[in-house]
Amino acid sequence: MRLFYGVPEDIEKWMGLVTQVRWNFPGLETEEKLDEYRATVLKFMGKRQAICAKEGDEIAGVMLFSRGHNMICCLAVSPKYRRLGVAAMLMDEALDNLDRAKEISVSTFRADDEKGPAPRALYEKYGFVADALVEEMDYPNQKYILHPIGAERRDRQLAINRMVREITDILADCAPSVYLYGSSALNDFRLGWSDIDILVLTEKQIAEMQANSLVGLRQTMLEKEPGNPYYRSFEGGMLTLRAFLSQEPDRVVYWGTSGERIADRYMFDSFGMAELVESGVLLYGKDIRKELKYPDCHELYADVKRHYETIRKYARKTGRNYYSFGWMLDIARCLYTLRTGRIIAKTEAGEWAFHNNLCPDPYALTTAIRIRKNPLKYKDQKETFDYAETLGEPIQRFADVLEKELFLPGESQSP
């Protein structure tokens, strides 16, 4: 068995193999789709991004990869040559051509798909980690990521996967859908500062016994893995989709910064809804986001106003912690939302506000951005927390900018 880079002369035998296993490739059901795939393969061949394993003149396996997207695009092995190491040969060559200092992605079948076990086992053998549930060619798939060595996100995703597995085992008879939103979904998570925001929506009401198991699950996971820094960061709510949409009473499991409890309602503001609809990551179950509505400008305005009132009330004096810097980024994000009607990550919002000269105290804002990007670097620096304690005045001056954009002439303002 030898490995070759595909050339146009290989295209007929290449397509012969793909046609033989087309049932395993959603999107290749028609002759038209096969012709489109053929044209794609020829383009990849021209870029030396198509490889094939040959036994004599016979093609045993094929792979397409993309250097530009740092991803594996297609892998197929002839049934005659399976379990002979062909897939491993192709994987080794493709990975040698991709940037291991960055995330490498691939899309494959979901865990409950009968076609899933073999490719998932192969990718996991190479260190890929299961990630978001996606749909491609109108077919349910799952993204897998090979993270760079030592990447924080790999450890976080493994913790997320374990937590989701525990939650869905408990709620197995409730048909749960589990979403990730917030800083993790917006690629703005920073260990030591950020939360891992999840939302669990069920078809059936959560039973009392299930709620009691879920409410203490964070502590249970920490007892199993006391050195894991992520389990205490999980926050969010678990309730029926019906109650989430209607805001009617329900049995709700709530995880927050201050603790956990079983409640009868779950408040989800327009910022969270916008993040969920636009950037949320499906981790388990059926995607029900088509039933959700992106907040309108009035809803976003009302929540910006509530943020503003909270800042005026609680941020006149600040404490010796990271979250004092967070007020600056909250204001920046509120300003961005007022101007655009959209939601972006807090770090990105802070940089946007700085580049647009919106903050009266640019040093305070750039310090907040710098600490947000690497909080663990500053966790033991006394001067950082000395400065945090003095941020009340810069925050209020930045809030003055928000006030001018928030209130129309003649509108009453909160004290």
Side-chain angles (χ1 to χ4, degrees), residues 1 3 5 24-25 44 48-53 60-77 81-134 136 140-166 168 178 180 184-185 187-191 194 196 198 221 224-225 227-231 233-234 281-284 376:
M1 191 82 62
L3 206 62
Y5 279 82
N24 219 21
F25 290 87
F44 274 70
R48 283 182 59 83
Q49 296 180 163
I51 47 179
C52 54
V62 297
M63 177 179 280
L64 302 179
F65 63 92
S66 170
R67 295 186 186 90
H69 294 93
N70 217 41
M71 67 183 296
I72 293 166
C73 306
C74 171
L75 168 62
V77 177
Y81 291 101
R82 289 177 184 169
R83 298 182 179 85
L84 297 176
V86 175
M89 288 176 62
L90 296 167
M91 282 288 295
D92 290 340
E93 183 66 21
L95 292 178
D96 283 345
N97 279 271
L98 298 175
D99 188 350
R100 298 295 294 269
K102 299 178 181 177
E103 293 182 356
I104 299 172
S105 65
V106 64
S107 182
T108 190
F109 304 107
R110 295 187 184 181
D112 58 356
D113 193 318
E114 65 179 4
K115 298 187 286 291
R120 292 171 70 94
L122 173 69
Y123 296 129
E124 288 172 7
K125 174 184 174 182
Y126 276 85
F128 283 77
V129 175
D131 206 273
L133 299 183
V134 296
E136 295 178 345
N141 280 354
Q142 184 163 25
K143 184 183 291 186
Y144 265 72
I145 303 292
L146 180 61
H147 298 274
I149 295 174
E152 178 274 328
R153 186 169 176 259
R154 178 182 185 275
D155 294 336
R156 180 174 14 122
Q157 190 63 46
L158 288 171
I160 290 170
N161 292 347
R162 286 192 288 269
M163 182 63 82
V164 169
R165 189 160 52 247
E166 293 290 332
T168 54
V178 184
L180 183 74
S184 278
N187 198 29
D188 196 35
F189 180 91
R190 298 296 183 269
L191 184 61
S194 305
I196 301 174
I198 62 168
M221 299 295 283
K224 292 179 180 177
E225 299 179 51
N228 193 301
Y230 295 104
Y231 295 133
S233 300
F234 281 87
V281 175
L282 180 64
L283 299 171
Y284 184 91
L376 296 181

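Keep in mind that what you see is a predicted model, and the values were worked out from it rather than measured. These values consider heavy atoms only, across backbone and side chains, with no hydrogens, waters or symmetry-generated copies. Numbering starts at 1 and runs along the sequence shown.
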Non-hydrogen side-chain atoms of [X] and [Y] separated by less than 4.5 Å:
X: Y230; Y: I196; value: yes
X: F44; Y: C73; value: yes
X: F234; Y: M221; value: no
X: I145; Y: R153; value: yes
X: R67; Y: R48; value: yes
X: F109; Y: Q142; value: no
X: N161; Y: V129; value: yes

For [X] against [Y], the heavy-atom pair lying closest together:
X: H147; Y: A151; value: CB-CB, 4.0 Å
X: A60; Y: M1; value: CB-SD, 3.8 Å
X: M63; Y: L90; value: SD-O, 3.5 Å
X: A185; Y: V281; value: CB-CG2, 4.0 Å
X: Q49; Y: S66; value: NE2-CA, 3.9 Å
X: L64; Y: A50; value: CD2-CB, 3.6 Å

List for me each residue that meets side-chain hydrogen bond (donor to acceptor under 3.5 Å, both in side chains) alongside [X], sequence neighbours excluded, and say none if there are none.
X: Y126; answer: D92
X: D155; answer: none
X: Y81; answer: E58

In Å and rounded to the nearest 0.5 Å, what is the [atom1] to [atom2] distance from [X] to [Y]?
X: N70; Y: K102; atom1: CG; atom2: NZ; value: 7.0 Å
X: I198; Y: S233; atom1: CD1; atom2: OG; value: 11.5 Å
X: D131; Y: L283; atom1: CG; atom2: CG; value: 8.0 Å
X: Y231; Y: E225; atom1: OH; atom2: CD; value: 3.5 Å
X: R165; Y: I160; atom1: CZ; atom2: CD1; value: 12.5 Å
X: I104; Y: L98; atom1: CD1; atom2: CG; value: 5.0 Å

[X] [atom1]: over 12 foreign heavy atoms closer than 6.0 Å:
X: K115; atom1: NZ; answer: yes
X: R162; atom1: CZ; answer: yes
X: N187; atom1: CG; answer: no

Among residues at least two apart in sequence or on other chains, which ones pass ring pair (Phe, Tyr, Trp, His ring centres under 6.0 Å) with Y123? F128
Test ring pair (Phe, Tyr, Trp, His ring centres under 6.0 Å) applied to F25 - qualifying residues, sequence neighbours left out: none
Donor-acceptor under 3.5 Å ([X] side chain, [Y] main chain):
X: R110; Y: L133; result: no
X: S194; Y: L191; result: no
X: N97; Y: E93; result: yes
X: R100; Y: L146; result: no

Could you tell me which residues satisfy side chain to side chain contact (heavy atoms under 4.5 Å, CB included) with S107, sequence neighbours excluded, listed by chain and number? V134, E136, N141
Stepwise side-chain contact (heavy atoms from CB on, under 4.5 Å) test for K143 and V106: CA-CA 6 Å; K143 184 183 291 186; V106 64; over 6 Å; no
Please determine whether side-chain contact (heavy atoms from CB on, under 4.5 Å) holds for the pair R156 and F189, giving the CA-CA distance in whole Å, both sets of side-chain angles, and the decisive distance to 0.1 Å. CA-CA 10 Å; R156 180 174 14 122; F189 180 91; 3.2 Å; yes
